[in-house]
Amino acid sequence: SATHWRGATWVSYPSPDGIRLRRITFDPIGNPQIGNPLVLPDLKGDQPTLTTFGDGLALLLWRDDRTAVRIRLLFSWPGVL
């Protein structure tokens, strides 16, 4: 999933090593600049929905129909978010 926050588009997606987040911006002539992935290995097996929440980002985490939806708040990572 994707959301716009602080002048950039952020995407989240599952990968074999956990959920990945990437920041996407555009350079002055319109070329996409895709940042290195931030890996959250403790969320391996979850399906993310990325959204804004208050002044930060949040992941809603889905696993299966027997597990309650969880939320991970991502307000600030110095030098990254």
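This chain uses plain numbering: 1 for the first residue, then up along the sequence.
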Item to check | Pair T3-T51, side-chain donor/acceptor within less than 3.5 Å | outcome: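 Their side chains do not contain a donor-acceptor pair, so the 3.5 Å distance test is not met.
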Item to check | Presence of salt bridge, R72 and D46, under 4.0 angstrom | outcome: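 Judged by the 4.0 Å cut-off on N to carboxylate O distance, D46 and R72 do not form a salt bridge.
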Quick one: [atom1] on [X] to [atom2] on [Y], what's the gap to the nearest 0.5 Å?
{"X": "H4", "Y": "L57", "atom1": "NE2", "atom2": "CG", "value": "11.0 Å"}
{"X": "T52", "Y": "W5", "atom1": "OG1", "atom2": "CH2", "value": "10.0 Å"}
{"X": "I24", "Y": "I34", "atom1": "CD1", "atom2": "CD1", "value": "5.0 Å"}

Next on the checklist: Assess the residue pair N31 and Q33 against the criterion (side-chain contact (heavy atoms from CB on, under 4.5 Å)); give the C-alpha distance rounded to whole Å, side-chain angles, the decisive distance to 0.1 Å, and a yes or no.
Outcome noted: CA-CA 6 Å; N31 296 314; Q33 304 294 302; 4.1 Å; yes
Item to check | Worked verdict on I19 versus L61 for side-chain contact (heavy atoms from CB on, under 4.5 Å) | outcome: CA-CA 10 Å; I19 290 177; L61 303 165; 3.5 Å; yes
Item to check | With D65 via side chain to side chain donor-acceptor pair (under 3.5 Å) - residues at least two apart | outcome: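 D65 satisfies side chain to side chain donor-acceptor pair (under 3.5 Å) with no residue once adjacent residues are dropped.
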Checklist entry - Residues two or more places apart in sequence or in another chain: which of them pass side chain to side chain donor-acceptor pair (under 3.5 Å) with T67? => result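 By the side chain to side chain donor-acceptor pair (under 3.5 Å) rule, T67 matches D64.
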Minimum-distance pair of heavy atoms, taken over all atoms of [X] and [Y]:
{"X": "W62", "Y": "P48", "value": "CD1-C, 4.4 Å"}
{"X": "P37", "Y": "Y13", "value": "CB-OH, 4.3 Å"}
{"X": "L50", "Y": "S1", "value": "N-OG, 2.5 Å"}
{"X": "S15", "Y": "R20", "value": "OG-NE, 3.2 Å"}
{"X": "A2", "Y": "V11", "value": "CB-CG1, 3.7 Å"}
{"X": "D17", "Y": "V39", "value": "O-CG1, 3.6 Å"}

Item to check | Check against side-chain contact (heavy atoms from CB on, under 4.5 Å), L38 and W10 | outcome: CA-CA 11 Å; L38 306 170; W10 289 82; 4.1 Å; yes
Checklist entry - Between L59 and L73, does a side-chain contact (heavy atoms from CB on, under 4.5 Å) hold up when you go through it step by step? => result CA-CA 6 Å; L59 286 169; L73 301 177; over 6 Å; no
